[in-house]
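Working notes for the structure below.
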Amino acid sequence: MGSWFRTIKLSIKSLLLHPMRSALTVLGIFIGVASVIWLLAMGEGIGRAAQEQIASLGARNVIVRTIKPSSDDVQDGGYGLTRNDYVRLLATVPTIDKAIPIRIVSQEFRYKTRNFEGRLVGSTPDYPLVTNLVQDQGRFLTDSDLERERNYCVLAAESAERLFPSGNALGKEIMVDDTFYKVVGVMQPRAPSAGIGGSLAAEDFSSDVYVPITTLWRRIGDMIVITKPGQFQRDLVEVSQITIQVDRRERVLQTADIVRETIALDHTLEDFGVTVPLELLQQAETTRLMFILFLGMIATISLVVGGIGIMNIMLATVTERTHEIGIRRALGAKRQDITRQFLVESTVLSLAGGLLGVLGGLFCRPLSVAARSLLEHWFPQQMETLPDLIRTVEPQLVSWSIPLAFAISLVVGILFGVYPALRAAQLDPIEALRHE
Amino acid sequence: MQAKNHTENLGKENRSEHSLAARLRDLSKDYVLSGETVHALRGVSFDVPQGDFISIMGPSGSGKSTLLNLLGCLDRPTSGTFLLGGDDVAHMNDDRLSETRASRIGFVFQSYNLLPALSVVENIEVPLYYSGQLNAAARNRCVELAEMVGLGSRLDHRPSELSGGQQQRVAIARSLVNDPRFILADEPTGNLDSATTEEILALLAQLNDEGRTIIIVTHEPDVAQQTRRTIVLLDGQILSDERLKPWEAGSAQLS
Ligand SMILES: Nc1ncnc2c1ncn2[C@@H]1O[C@H](COP(=O)(O)OP(=O)(O)OP(=O)(O)O)[C@@H](O)[C@H]1O
Ligand SMILES: [Mg+2]
């Protein structure tokens with residue numbers, strides 16, 4: 001044990017004779033080990049982000065959304081999901097636990113002198129359940145509100161904040177499209193849900209106002225007329241979205257297929273899309289795999305290059321120190337003593353790289369944030385095209401990646417140190433002594 | 001079979017007669033250099049009694065270093081017998097040779113061969129490291145040895161900070177650290193002036209008086225004159241083997 005300690009001390013001493021050379025040798029291992037830690041941290045970050053997104057969208061949910069077809073196909077201005085689709089889904093798909101029709105219209109909301117533009121969301125009492133909204137004050141909409149098509153509304157946290165900065169929104173009447181709605185509840189703030197590439201954009205719940213969908217149908221109707229400068233557009237849509245909660249998680253994908261077919265029976269246009277948050281898992285898996293392949297390649301290359309660097313330096317060292325080897329052999333060192341000395345030296349080099357790599361790995365979070373903001377600054381367009389998951393991923397250090405990094409650098413040090421060490425040990429003592 | 005009997009007989013002789021430090025019989029060493037064979041030693045035979053002090057002389061290329069390397073177990077003979085104590089060196093494997101060098105032989109080189117990165121004491125310690133005796137007591141002995149060779153005040157100096165004579169004294173202290181019976185020196189005074197040569201020889205003579213067997217290679221007749229016996233080599237063979245002083249006179253027994 002003591003002799004190992006001595007050997008290690010000795011090897012550090014002789015490595016420090018050439019500090020610059022040793023430092024450069026260590027660089028490859030440093031990059032390799034840091035890449036391994038980053039790779040695992042990125043993978044973990046993507047995995048967690050996916051889990052969070054799935055949780056926020058609901059793992060058991062299937063989301064059916066109205067998609068506006070290309071304008072040529074729309075004859076009378078009507079498209080999208082219908083009340084009839086909703087009724088049929090409930091009646092024919094047995095695995096549906098709950099289904100919530102949602103109609104979303106952009107509106108201006110007023111209270112006295114205050115006003116803001118937001119989403120008027122017509123829905124049913126189950127809406128908070130499937131979107132993870134939590135009640136803050138008052139109550140949410142009830143079945144009787146829907147039945148009686150009441151002019152009641154519930155405000156999202158930020159909407160309440162905008163119209164009633166001093167609080168106490170309950171009981172007040174806000175004006176939407178020339179109609180007054182009484183505020184019966186306020187929701188707690190909620191983080192926006194993530195988008196799923198393409199079919200489902202990220203959803204921001206912060207400036208919503210919730211009303212009974214029946215009231216919305218009656219007061220606002222299905223027709224939305226948008227007039228922008230130089231453009232006149234009519235949209236006839238009954239239901240913007242139907243969010244379905246499936247009874248069991250295993251049946252989500254199957255249910256999504258049935259839902260798609262059921263709706264398609266009645267639609268000639270391609271005017272709806274079915275999204276399954278659970279599919280995010282697959283997307284995350286692909287992204288994670290991409291990262292692991294990419295960083296894994298970098299790690300492997302730099303570890304091999306680093307290892308070859310170590311081997312190169314060790315071979316040079318063996319040549320430089322041939323005379324020393326001769327002296328030690330003459331004084332009684334066995335071949336294995338010489339092997340050990342050089343092997344320990346290469347391993348110390350490699351472990352030093354590993355240690356620095358672990359430090360580099362620990363800083364991967366601030367570094368990746370910095371790297372991302374730089375990239376966004378220099379290449380904004382290119383960054384836009386990247387999947388959300390990659391743009392927003394937060395690396396999460398995996399605790400076992402640190403022992404793994406040390407194991408890797410130990411293996412590299414030994415693997416690439418063996419040949420030079422054996423060569424040193426094979427030297428003939430007399431020949432080595434003659435070498436100057 | 002015959003060789004084995006011969007060996008056993010030698011072993012018996014050893015025990016019955018005065019103990020021998022080494023016995024060489026018909027020792028030869030060939031080097032093969034690019035197809036050509038160089039006969040560095042051709043049939044050398046002599047006995048080394050315990051406590052003898054032998055000088056080996058001869059012209060350059062006569063095989064002196066080759067002989068000393070064989071005696072020091074740095075190399076194996078091509079043929080012949082070399083018994084060190086009772087052990088047949090010709091048939092030792094590399095590890096046994098290393099162990100023998102570590103524990104039974106002290107080697108002193110013409111060019112000192114100290115390790116430049118280590119201090120005086122650390123240099124003296126190196127053989128302990130390989131004989132597995134590195135403990136506090138052995139460390140103290142290193143300091144004592146340094147004091148014995150007159151370097152007690154320079155324990156932490158590097159070899160580059162010492163004179164040639166001082167470096168050679170460190171090398172001698174190093175050769176003694178494992179308490180070997182056998183000290184071999186290849187031109188130990190070759191690089192030193194005459195005054196320093198005298199100091200080193202006095203040190204070797206003192207070690208011999210303590211009972212250690214010493215063999216040195218030298219070119220200087222003055223140096224050879226101060227040993228007990230001179231062997232002259234020529235072309236790898238013994239030209240003469242002359243005793244200058246009786247080795248019994250030294251009452252050579254290790255305590
Ligand atoms: N490793 C070797 N390979 C080939 N030939 C060698 C080797 N070592 C020694 N020789 C040859 O063996 C012969 C004896 O060499 P050795 O070194 O023993 O001479 P020496 O008596 O010590 O000479 P010097 O007084 O110059 O040191 C020489 O001819 C030398 O060339
Ligand atoms: Mg010589």
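So that the names make sense, note that chain A is the first sequence line, chain B the second, and so on, each numbered from 1. Everything numeric in this text was worked out from a predicted model, so none of it was measured.
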Checking A:Glu320 against A:Arg21 for the salt bridge (charged side-chain N to carboxylate O under 4.0 Å, His left out) test, could you report, in this order, the C-alpha distance in whole Å, the side-chain angles of both residues, the deciding distance, and whether it holds? CA-CA 14 Å; A:Glu320 265 173 30; A:Arg21 191 166 88 173; 3.0 Å; yes

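- The contact between B:Leu134 and chain A is made entirely by side chain atoms (from C-beta outward), counting heavy-atom distances below 4.5 Å.
- Interface residue B:Leu114: only backbone heavy atoms are found under 4.5 Å from chain A.
- Using a 4.5 Å cut-off on side-chain heavy atoms (C-beta onward), A:Asp337 and B:Tyr129 make no contact.
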Do A:Ser401 and A:Val36 pass the side chain to side chain contact (heavy atoms under 4.5 Å, CB included) test, and can you show the C-alpha distance, the side-chain angles, and the key distance before you say yes or no? CA-CA 8 Å; A:Ser401 68; A:Val36 168; 5.6 Å; no

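- Contact annotation for B:Asn69: only side-chain heavy atoms (C-beta onward) come within less than 4.5 Å of a heavy atom of chain A.
- Counting heavy-atom pairs under 4.5 Å between each of B:Asp94, B:Val126, B:Leu118 and chain A puts B:Asp94 at the top.
- Salt bridge annotation for A:Arg372-A:Glu376: absent, with no cationic side-chain nitrogen under 4.0 angstrom from a carboxylate oxygen.
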